[in-house]
Each structure stands twice: as structure tokens, then as C-alpha cells.
2 protein chains.
Amino acid sequence: MTRLSFKEQVHRVREDAIVGAVNRLLAAKGYELMTVDEVAAEAGLSKASLYKHFTSKEELAAAAMVRALDRALHQVQEQARRVPEPGPLAQLQDLVRWTLRTQLEGEMPSLPAQNSRLVAALKEHKDYMNRLLELSDRMGEWILAAQASAEIDPELPPELALYTLFARACDPVVGLLKAGGQHSDEQIVEWVTATTFRGLAGAPAPAKRKTR
Amino acid sequence: MTRLSFKEQVHRVREDAIVGAVNRLLAAKGYELMTVDEVAAEAGLSKASLYKHFTSKEELAAAAMVRALDRALHQVQEQARRVPEPGPLAQLQDLVRWTLRTQLEGEMPSLPAQNSRLVAALKEHKDYMNRLLELSDRMGEWILAAQASAEIDPELPPELALYTLFARACDPVVGLLKAGGQHSDEQIVEWVTATTFRGLAGAPAPAKRKTR
DNA sequence: GTCTATACCCGGATAGAC
DNA sequence: GTCTATCCGGGTATAGAC
């Protein structure tokens, strides 16, 4: 890892400001409603200069997602450092809590799965895909381990658990509860975490279910 | 209820085709990516004619949501007719199952909560708001009843349950599982329904939870 | 690499004939 | 009410000077 020149450092800081702006705007308005003009204004440079750093709006979005995934992976490492031997379920729960907190702070970017052009661009984006797969792999291992100990219902397909946990990053329930103004952020985090994992938990007493 | 003239009937059928197209396009691409040109093409008339029926894109979206809410309310009635005395939990479960099936069929429209212009327009839209409130009220009553019998955790705020159930209408887990192609639609419906209601259920055995 | 100015296109909405 | 043709704002992306 070589020392960065002054110029390169400035470059880094600038791009960080840009990605930070994209991150916030993606969280606040979503991809379609976010305009490149806004990004430039918030990052404090002109639109033309911005396009020297990132060649398209899609690249901007990808960069923001890469940073978000990096933060998630960093979070995973930090948490492994704090607790000596955390169980797989505790790891997953802490990751979900971090996700919900980030969302409550307006710092969780999320992209529309419906925009096929954007989705295609992301699939070609190596930095993004690598990180996404790495995070999925780690979570997948924890899920399997938690299923082995029946902390997560072994009957459920592991993808269901994975998708369910990922979906907390864009859960509308969080924003609706916050908008109500009745509850603290931490309370919201705990409720959503609890209901999510209770839903995935092994069934101790099978409730009566309609047979069809 | 007076008999409709032939002309009025044609009018109705035309508007139904329009709203149907909006419904499908909202489900497939979302509000921002749906263009009025597409709606007109799919409904089989010109854009200018379409604007004689609905005065704006927002009106189109509202009309689709009104129809979706009407279908949900109709579903509620049908189900009350089939079963003589359904418990509140069974009512909620059946409604969620219907929601998930509709989503799997690509017939569940959903709007971005981030578009403030659209949200403001909907809040002023009486037909929409009346139906939304009616459905919320019905569900709210069932939730309170289910909490009274501890089928839903009485410790949870009822709004949390309400939002959680509403959120199934745009749950990304459904689409991801379907995209995987490994499971039948009915299996997906049952899994998501089960995890949702297990998550909201009263806690029989409190799991160990990290205190912070 | 940064700026100002602009090309270019797309999409919502409308004009005006029939 | 339906159509064809058009307006016009706004958004992505670029030209070209410094």
C-alpha cells in the first residue's frame, strides 16, 4: 500500500463527497427521482466535473452501493472483533440491527429492482457483485449454522431467510413507524428485529393453520 | 342504481381497460418508469384520448390504487361469506395470502412512498383515502381482537402489525423467491404468510436477546 | 479537472381538426 | 371523444475554453 500523493488525496476526498451525496439522495428519493444536478450541487462541484469522476448515473448508483456494502462488511468485522465467539444468530441479528439503524438515519441507499437497465449495469459491475456475493456468502453460512441448531427453522429454504434479512434494508415498516413519531429509534429497531427473527425461528408449537 | 346507457357502458369498459393497463404497468415497472404512452398503447387508444378520461399521470395511479383497494375489500367480504365465523387471525391470514398471490400474478400495483408530489396528490384523493381508511380500520379491529386473544403479541403496538401486513403487498422476498424458480407459487405464499404471522405472534418462550 | 453553455432526448401535457 | 401533431420542461450527457 503506497503513500498517496497530495493530488490523489484530494481526488479521493472529492469522490467521497460525491458518493456520500449519492448515498443520501438514494436513501431519500430513490434512483429515478435523484437527479445528477442535485448530486453535483450537494457535492459542491459542477455536473461536468462530476462526469469526469463517474461516467454515468448508473456508475454513481453502483459506487454508492459498493460503499454501503463495504460498510456492512466492515460492520461484520467490527462485531466479530468485539465479541470473541458470537453465535451465528447473534451475528445475523446485529447485522440486521445495524441495517435498521442505518435506514433510520437516512443513510441506507436502495435501488429499484424493477429498473432493468440499472439492474443489468449492476450485474456487470465487478466491484459491486464481488461485495454482494461476499456478504451473501457470510450470511448464508450463518443461516445454515443457525438452522443446524434450529435457531432458524430448518424446514425453510435458506434463500428465504437470506432474502428476508436483506429485505430489512428497505423495509417500509421502519419509515412508517418513525413517521408516526410515537416510538424511539431503538425501540423500532428492537421490534422489527424481534418480529423478523421470531418469524424465521423454528416452530416450537405449531399454530393451527388452514389446510387447503 | 339506474340502467346504464350503451354509451356509458362503452365509457366504463374503456376506462376499465386503461386502469387495467396502469395496474399491470405499476406492478411491473413502478410509477416512475411507467410512461403514459405505454398506458395508452396497452389500453388501445391515443394519449390525448386517455387524457380526456384522466387528467394526469397521478390520477391514473390513484385510479389503479382505488381498484386494488376495492378488490382487497371485496376479497374481505367474499371470505366472510365463505366461512361463517372466521376468527380475526384467520381473516388477516387469508387477506395476506390473497395479497401475496396477487403480487405473484403481477397484478399488485405499488407506489413509491418517496415521491412526495404523488403522495400529496393521493392524500387529497377522496376515493383513495376512503378505501384506504376503511381497509385499515377493518384490519385494525382484527389486529386488536387477535391481540386480545394473544394470537398476536399484545406487547406490540397495533400499528406495527398493521404496517407489517400492508408491507407484504410490496415484499421483495416474494419476487426473489419466484425468480429463483425453485418453488411453487403456493409454497411461497405459505412460507411468507407463516413467517410473517409467526413473527407477530405472542412470545411463548423468550429467546436470549442482547441487552444494550 | 474544473467550469459555463449547450446538445439532445424523452415524457407529460395540450392544440386543434374531425 | 378520438385522433395526429406539437409544445415544453427537465434530465442525462457532452463540447470546448481555461
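Proteins come first, then strands; the chains are lettered A, B, ... in the order of their sequence lines, and each starts at number 1. The figures here come from the full heavy-atom set of this structure, side chains too, leaving out hydrogens, waters and symmetry mates.
- With A:E38 as the partner, the salt bridge (Lys or Arg N to Asp or Glu O under 4.0 Å) test is satisfied by one option alone out of A:K29, A:K57, A:R24: A:K29.
- Contact footprint of chain B on DNA chain D: nucleotides with an atom under 4.0 Å from a non-hydrogen protein atom, first to last in 5' to 3' order, D:dT2 to D:dT4.
- Every residue meeting the salt bridge (Lys or Arg N to Asp or Glu O under 4.0 Å) condition with B:K47, not counting sequence neighbours, appears here in chain and number order: B:D37.
- In this structure, A:H125 has no ring pair (Phe, Tyr, Trp, His ring centres under 6.0 Å) partners at least two apart in sequence or on a different chain.
- Here the CG-CD1 distance, from A:D171 to A:I188, works out to 11.0 Å after rounding to the nearest 0.5 Å.
- Side-chain N/O atoms of A:E32 and A:N115 include a donor and acceptor closer than 3.5 Å.
- Within residues 6-21 of chain A, the residues approached by DNA chain C to less than 4.0 Å at the level of any non-hydrogen atom are A:R14, in residue-number order.
- B:H53 places its NE2 atom 16 Å from the P atom of C:dT14, with the value rounded to the nearest Å.
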Enumerate all atom pairs, one protein N or O and one N or O from nucleotides 8-12 of chain C, separated by less than 3.5 Å.
unit_1: C:dG12; atom_1: OP1; unit_2: B:M34; atom_2: O; d: 3.4
unit_1: C:dG12; atom_1: OP1; unit_2: B:K57; atom_2: NZ; d: 3.0
unit_1: C:dG12; atom_1: OP2; unit_2: B:V36; atom_2: N; d: 2.9
unit_1: C:dG12; atom_1: N7; unit_2: B:K47; atom_2: NZ; d: 3.0

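- With A:Q79 contributing its side chain and A:Q91 its backbone, the two residues share a donor-acceptor pair below 3.5 Å.
- Electrostatic pairing of B:R67 and B:D70 does not count as a salt bridge here, judged by no charged N lying under 4.0 Å from a carboxylate O.
- A salt bridge does not link B:D185 with B:R101: every distance from a Lys NZ or Arg NE/NH1/NH2 to an Asp or Glu carboxylate oxygen is 4.0 Å or more.
- Every residue two or more places apart in sequence or in another chain that forms a side chain to side chain contact (heavy atoms under 4.5 Å, CB included) with A:F197 is listed here: A:L89, A:L92, A:Q93, A:V96, A:L165, A:T193.
- Remark: A:E134 engages A:R138 in a salt bridge, criterion side-chain N to carboxylate O under 4.0 Å.
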